[in-house]
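Notes follow the structure.
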Amino acid sequence: MRFFLNSLLLFFFTTSGFSQMFVNSPEEIDKARGGITYVIMNDPDSQSAKPYKEVLQKNWTFSTLKFIKRGEKLTDKLKNNTTFLLLNAEKTEIYSNRASYNRNKKLNEVTYVYLTLFNSSIEEINALNGLIENNRAYAVNKVKKKTALAQIQMFGDPVALADPSSVIESNVDDTGGHVKNWTPALLKIYIKAMQNLFDKKESCVAHKSIANKHELSKLKTETLYIPEYLVDTDFGAFSAKESIDKNKPNELFEKYTFPYKVLSKDEFEKSVLNSKDIKYVFVYVKNSSFKYVSVFNANTGEIVYNEGTSMSFNVKDKDVKSLFKEIEKAN
């Protein structure tokens, strides 16, 4: 397994998961409540980091935040309720285990990108930061396995998925646009959703289908907002090619007869960050193996709907149809 860093600090965990929202061990999460969470960034004082810092400062209530620079050594004594928040990636090498197909032959590599909340020791963090500061690769046995308390699936573009190290070259805290759902507005929605699960003391496991009938029933009359930039692109299943079609969002929702509105990226970002007028948000995310179609209540963080499909890489008519049917039968 190889390791890279990215603009916020991209590195590889030995854990993996495929759900858009993964929450592990409510007991461990409760222990971390009210402690300190270090957010590791490329440069917390940069202009590119500013909107992300503001979103976290305004909406993160689980613990006290401290922003630290990549490579910075921690001297504070870490308590049991200390956690770390960062953007990370995992590249998994796939090998054949069939004798008839050259056993142990490397077949492929797949990359997953996450926003992860985890806990660790100060020795592990300083060792990790020291290696990153020197821009060196490191082996998995040099840093002990991290405990991922929560993960949010990120939507890497073909460049990021093919080679996470390419994101480093952007050298900014917004990933250079290579992670499609890494925006201040979506970060606000995600951390509200994460903390909502923390407060409910609920786990959220891989491949969990969610259909909140009470919330879904409201979509019969309330508007579903669709960020154009998440659904206007088609991806090649086994290639790095992508094509953008600005008509695709409205075509996908052509038979969705409940209220909806497609927003440009600027419209969506400003509306979510500056008002509570936008309530229900349609979010599509894909990784190297799965796609997820979700609906969030942007104000409360409630996960209204979530459905994952393996080996499917584009949002399709049938995905919208499935959501429509759930709304239709909800009371």
*Identify whether the distance between the nearest side-chain nitrogen and carboxylate oxygen of E326 and K329 falls below 4.0 Å.*
yes
*Decide if atom NZ of K200 counts as having more than 12 heavy atoms of other residues, nucleotides or ligands within a radius under 6.0 Å.*
yes
*Do other residues, nucleotides or ligands put more than 12 heavy atoms under 6.0 Å from the CG atom of N331?*
no
*Using the side-chain contact (heavy atoms from CB on, under 4.5 Å) rule, take V293 and V285 through it: C-alpha gap first, then chi angles, then the decisive distance, then the call.*
CA-CA 7 Å; V293 172; V285 169; over 6 Å; no
_Classify the ring geometry of Y256 against F324: parallel below 30°, tilted from 30° to 60°, perpendicular beyond 60°._
perpendicular
*asked:* If only side-chain N and O atoms count, and only distance matters, is there a donor-acceptor pair under 3.5 Å linking S294 with N306?
replied: yes
*Give the ring-plane orientation class for W60 versus F198, where under 30° counts as parallel, over 60° as perpendicular and anything between as tilted.*
perpendicular
_Ring-ring centroid check F268 Y225, cutoff 6.0 Å_ = no
*Hey, are E28 and K31 close enough for a salt bridge, meaning a charged N less than 4.0 Å from a carboxylate O?*
yes
*From Y52 OH over to T183 OG1, what is the distance, rounded to the nearest 0.5 angstrom?*
6.0 Å
*Can we say K248 and E251 salt-bridge, meaning some charged N sits less than 4.0 Å from an Asp/Glu carboxylate O?*
no
*Could you tell me the separation between the OG atom of S63 and the CG atom of N81, rounded to the nearest 0.5 Å?*
8.5 Å
*Rounded to the nearest 0.5 Å, how far apart are OG1 of T223 and CD1 of I278?*
9.5 Å
*What do you reckon, is NZ of K321 surrounded by more than 12 foreign heavy atoms closer than 6.0 Å?*
no
*Please name the pair of heavy atoms, one in L252 and one in V315, separated by the smallest distance, quoted to 0.1 Å.*
CD1-CG1, 3.5 Å
*Could you tell me whether the side chains of S322 and E307 share a donor-acceptor contact shorter than 3.5 Å?*
no
*Would you say E254's side chain and D317's backbone share a donor-acceptor pair under 3.5 angstrom?*
no
*Near-ring test F282/Y284, centroid separation under 6.0 angstrom*: no
*Distance in Å, E27 CD paired with K201 NZ, rounded so as to fall on 0.5 Å steps*: 9.0 Å
*Any cation-pi pair here, K53 with F67, using under 6.0 Å and within 45°?*
yes
*Is the NZ or CZ atom of K265 both under 6.0 Å from the centre of the six-membered ring of Y229 and within 45° of that ring's axis?*
yes
_Taking K291 first and then D319, would you say they form a salt bridge - that is, a charged N and a carboxylate O separated by under 4.0 Å?_
yes
_Salt-bridge criterion met for D199 and R33 (N-O under 4.0 Å)_ = yes
_Taking V272's backbone N and O only, do any of them form a donor-acceptor pair with K188's side chain (distance below 3.5 Å, no angle check)?_
yes
*With a cut-off of 6.0 Å (strictly less than), are more than 12 heavy atoms of other residues, nucleotides or ligands near NZ of K220?*
yes
